Amino acid sequence: QVQLVESGGGLVQPGGSLKLSCVASGSMFRINGMGWYRQPPGKERELVASLTAVGSATYADSVRGRFTISRDNAKNTLYLQMNSLKPEDTAVYYCHANGDYSTTYGWTTFHSWGQGTQVTVSS
């Protein structure tokens, strides 16, 4: 019922910047929390940054001070501004959201993943 689509990935040089976007769409829904995860080649998926329902942000130590998570509720869009990119930031980045959506029988919880967008940091 709720789909997430990421965009904005690509190839950038070390020290460069990228801004990722994640658009949520579907039936009537409300999002309780959203976050960005990433999965480097051969490694486990890890949390990069997240936003609570009240807007407080958390960051992985490896990205704190360089990445900024934000959202536009009117557009149902989550963003990840990535600055001072390093080669170790290379990964597939995924958007995740959890919340509730409306059905004939009432509201039902969900959690959804986007398809992922590749970020490659290399000279």
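Just so it is clear, the model here is predicted, and its values are computed rather than measured. Worth knowing before you read on, the calculation uses all heavy atoms, side chains too, and leaves out hydrogens, waters and symmetry mates.
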- Between Y94 and R38, is there a cation-pi geometry (under 6.0 Å to ring centre, at most 45° from the normal)? no

- Task: Check L47 against A60 and note the closest heavy-atom contact, atom names and distance.
- Result: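 L47 and A60 have their closest heavy atoms at O-CB, 3.6 Å.
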
- Query: Roughly how far apart are N76 CG and M34 CE, rounded to 0.5 Å?
  - Reply: 8.0 Å

- Message: Between D61 and R64 (salt bridge meaning N to carboxylate O under 4.0 Å), is one present in this structure?
- Response: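 Yes, this pair counts.
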
- Starting at CH2 of W36, measure out to OG1 of T117 and round the result to the nearest 0.5 Å.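 These two atoms lie 7.5 Å from each other.
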
- Looking only at heavy atoms, what is the nearest atom pair of A49 and L80, with distance? CB-CD1, 4.4 Å

- Compute the centroid of each ring, for W113 and then for Y37, and state whether the two points are separated by less than 6.0 Å. yes

- Item | Check: Q118/T120 side-chain N/O donor and acceptor closer than 3.5 Å | yes

- Message: In the structure I gave you, are the side-chain heavy atoms of Y59 and I69 within less than 4.5 Å of one another anywhere?
- Response: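 Of all side-chain heavy-atom pairs linking I69 with Y59, at least one is under 4.5 Å.
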
- Query: So which of D100, T52, T109 actually passes side-chain hydrogen bond (donor to acceptor under 3.5 Å, both in side chains) with N32?
  - Reply: D100

- Task: Answer yes if the side chains of T77 and S21 hold a donor-acceptor pair under 3.5 Å, and no otherwise.
- Result: no

- Look up atom OG in S62 and atom CG in D89, then write down how far apart they are to the nearest 0.5 Å. 7.0 Å

- Just say parallel, tilted or perpendicular for the rings of Y93 and F67, cut-offs at 30° and 60°.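 Ring orientation, 0 to 90° scale: tilted.
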
- Query: So do the side chains of D72 and Y79 get within less than 4.5 Å of each other, counting heavy atoms only?
  - Reply: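 With C-beta onward as the side chain, the pair touches.
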
- Query: So, do M82 and L20 sit near enough that their side-chain heavy atoms are less than 4.5 Å apart?
  - Reply: yes

- Query: How long is the gap from SG on C22 to NE2 on H96, to the nearest 0.5 Å?
  - Reply: 10.5 Å

- Message: Is it the case that over 12 heavy atoms from other parts of the model lie below 6.0 angstrom from the CD atom of E44?
- Response: no

- Message: Can you tell me how far apart CD (Q81) and CZ (R66) are? Round to the nearest 0.5 Å.
- Response: 12.0 Å

